[in-house]
Amino acid sequence: MTEFRCKVLAHHYFLSANIIIFAERNFYITIFMKRFLSLILAISASTLLNAQTPAALRSETLPLIPYPNHIVVGTQDLKCGTTIVVNILSDSIADDAFAVSTLADDYTKGIKWEVKEKGNFAKSGIIVARMGKNRNIDKVISDAGLTPDAKNDESYALLIDDNRIIIEARTSTGIFYGLQTLRQLGYRNADGSLCYRSVKIADAPALRYRWIQDDWSRGPIPTVEFVKQQIRTLAEYKINGYCIYGETIFQSHQFPGINLYGGTITQEEEKEIAEYGRKYHVDIIPQQECLGHMHYAVRDGLLSNLGERRNGQVLSPAVEGTYDFLQKYLNEIVPQFSSDFVHIGCDEAFELGLGKSADLVKMQGVDNVFFNHLRRVSELPALKGKKLLFWGEISEKAGVDLTKIPKTLIPVVWDYLPRTSYDYSMAPYDKAGIRTIVAPGTFWGGRVFPSYNAHLINIRSMLRDGKKYHTLGMLNATWDDMGEDLFNVGWYGILYGACCSWQQEQDTPFEPFKKAFDWAFYRNGNNHMFSEGIDTLSTVHTSLGTDIWYDWAYSVPFDDSGVGQQNTIQKSGKMEMLHTSCAEAFKLFSQGRDNALLHRSTIDALLFGARRMNFVFAKAEMAADLSRRYDDFCKDDDKGRPVNTAVYDMIMPYASKIGSLRDLTKELKTWHHDLWMQENRPFHWDVVEARYEYMLQTWNREDAILRSAFGTKAPREQVGMKFDRP
């Protein structure tokens, strides 16, 4: 070993991750010395991280959603203790004090917060300040290279060093978002102290509008309390808009016949939700269909003359009363919301030109009739001063003149399929100089569990192409076409949309998001059980080669409607494997619950989704087994043993295959009901319940058929086994 001599100063100097050691000139650094110094560096860096730091926070790429656009991760943790002083230096004390209150989430119970309004520059604790309010803070932030973007009202700077935390921004929105990032950097150590990872962050969004849409017109209508929970959670991840999709759900005093009992949102509720959203910097945008999807309106006896066709789906532009109705109805809706935006729908008007507007369409063409309708709606006094959105699929038609769209309207370009490119719908608008909002789908249309392998591709690619074509923002849509979806299964796609719309890169990668999800959403800091479970269930769709739609959960293999599905699953050769995969996802969610310190109320929706996906394959496997047992019984392969195992599997009330399927159905029905009531009003639950009741009745019918078949050894087709032999 080569000898060396060096003097080490009493104080080590750290620059980034390097230790600078001042030594005498006469020494030799050998390979051994290089390794030795590397070891010292590693040990020193590791000792700066608290032993209790969650594994997720030890990486140089921190598990933050969305990820900041400029971040330098330090090597030390800041221990704040169990009493934390927050100094607010602001001209808007009330707004910033409210933002500070969001620090006290489930994760920080037991922490005492001392908030000092109009405080002073402090050397410890948390400082919340507006730019220009305190020269000392401005200098510290500037010296750290973290001055917030002066042109962006949502930008913020966050500095966590070994003494204190400083959040600085120009606006209350920037302060709020800086505090939401801070929440994801905190953890509790062994003695209960709240600690934070050291960072330097300067952050601002890529897109101004980062919205989601919730479908309130296809079955589930959330309670006001659940909407408030949605708003709080969306705000954590810097989603700044919530669009309510409505057809005839908004209360009308002028046209009460269009509102359904139990399925109507009162004007007082609309105001309450809008006001609540403002506190969290979430704009509540009303969407009222103004052309298609208006079946409940045109089927009302007093408004039936407004339909393009009687008892149809579409309001007719050829009837002047259409615009009187829209003016009066919108005038009841719009004043309850403070948003600058109103979405007027106008998608999928398939009947246009097939009824009362037939002559107009012959003279002007269907596109011009549509554009004229947009113009008439945009000129309604009820919408004066509003920025109007409409569903913009018309760009997909060849040869259409998009410049005829009224200048006050913003097209929302939508597509929910996982394509490699969306140029076909976005490029025409960009060429015409029209700015758009893009709408991917976070989940839609009644799958048993969202097909996230497809949804994430859809979200990523639409936001990538949207940025390329200068989009204004994102409207990440949820649709409940089959009327039974639980919103709480959708957070995976919603948070990925938050990443794609906030982060500056053109193409937002999947893997960093998946690795961050467990910590950012559940504060599960030691593994990735939730993202792994979600990916496992998503892969079931692709493994089978077809999406598992909601009717697969309700089909019965012994009924004509279930034969095709039973054959598909049996012939896949993956029946047992997929059954096991769904059970594994359920186990991951169940065990992950013990590690989740935030948003625990959403976990039951994931568990239910896993259980119901599992049920799809449990039904198939048990039906296949029952088919084999029936063949065994008919062939008497066990030579009449005193307890015939085939008979036992078929007709014992609780041990039989049919008994197991009945009990699993009862479990799902009860569980679905409880989760529904946690999110929604009772309206429409009875429709979902009827699907479970039909299944229960079919199990009982099959049980009776099998019992009556004993002694006859009837052909298997006569006892309900019309599917192929497994």
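Quick note: residue numbers are just sequence positions, from 1. These values consider heavy atoms only, across backbone and side chains, with no hydrogens, waters or symmetry-generated copies.
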### CA sep, side-chain torsions, deciding dist, call: D485, Y550, side-chain contact (heavy atoms from CB on, under 4.5 Å)
CA-CA 9 Å; D485 293 295; Y550 85 106; over 6 Å; no
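- The minimum heavy-atom distance between Y429 and G392, with the atom names listed, is OH-O, 2.9 Å.
- Judged by the 6.0 Å and 45° rule, R681 forms no cation-pi pair with W685.
- Taking a cutoff of 4.0 Å between a charged side-chain nitrogen and a carboxylate oxygen, K468 and D423 qualify as a salt bridge.
- At distances below 3.5 Å, not a single donor-acceptor pair connects side-chain atoms of N476 with backbone N or O atoms of I212.
- With hydrogens and angles left out, the side-chain atoms of Y424 and D465 include no donor and acceptor closer than 3.5 Å.
- Proximity of the aromatic rings of Y237 and W502 is defined here by a centroid distance below 6.0 angstrom, and this criterion is not met.
- With Y329 contributing its side chain and F250 its backbone, the two residues share a donor-acceptor pair below 3.5 Å.
- Residues Q230 and Y242 bring a donor and an acceptor atom of their side chains to less than 3.5 Å of each other.
- A side-chain N or O of D214 and one of T478 form a donor-acceptor pair less than 3.5 Å apart.
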### Query
Could you walk me through whether Y422 and R464 pass the side-chain hydrogen bond (donor to acceptor under 3.5 Å, both in side chains) check?
CA-CA 9 Å; Y422 299 92; R464 178 201 66 212; over 6 Å; no
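- Checked by atom type and distance alone, the side chain of S357 never pairs as donor or acceptor with a backbone atom of L360 at under 3.5 Å.
- Of the N and O atoms on the side chains of S339 and D283, at least one donor lies less than 3.5 Å from an acceptor on the other residue.
- Residues that satisfy the side-chain contact (heavy atoms from CB on, under 4.5 Å) test with D535, not counting sequence neighbours, are Y492, K514.
- Here the shortest heavy-atom pairing between Q327 and A382 reads OE1-N, 2.9 Å.
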#### Entry: Residue pair Q254, N331: steps toward the side-chain hydrogen bond (donor to acceptor under 3.5 Å, both in side chains) verdict
CA-CA 10 Å; Q254 297 260 2; N331 202 39; over 6 Å; no
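- V377 has its side chain within reach of L326: a pair of non-hydrogen atoms, C-beta onward, lies under 4.5 Å apart.
- Among the candidates W549, Y694, Y692, the single residue satisfying the ring-ring contact (aromatic ring centres under 6.0 Å, His included) test with Y554 is Y692.
- The existence of a salt bridge linking K271 and E268 is excluded, since no basic side-chain nitrogen approaches an acidic carboxylate oxygen closer than 4.0 Å.
- Using modelled atom types and a 3.5 Å distance limit, the side chains of E348 and H293 yield a donor-acceptor pair.
- A donor-acceptor pair under 3.5 Å is absent between the side-chain atoms of N680 and the main chain of P220, judged by distance alone.
- The backbone N or O of V556 lies less than 3.5 Å from no partner atom in the side chain of K619, so there is not a single donor-acceptor pair.
- Remark: the backbone N or O of R310 is not paired with any side-chain donor or acceptor of S304 at under 3.5 angstrom.
- Applying the side-chain contact (heavy atoms from CB on, under 4.5 Å) criterion to R376, with sequence neighbours excluded, gives E320, Y323, N372.
- Geometric assessment of K228 against the ring of Y276 yields a positive cation-pi assignment under the 6.0 Å and 45° thresholds.
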### Message
Assess the residue pair Q565 and S555 against the criterion (side-chain hydrogen bond (donor to acceptor under 3.5 Å, both in side chains)); give the C-alpha distance rounded to whole Å, side-chain angles, the decisive distance to 0.1 Å, and a yes or no.
### Response
CA-CA 8 Å; Q565 293 164 357; S555 68; 2.5 Å; yes
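- In this structure, F608 has its ring center under 6.0 Å from that of H672.
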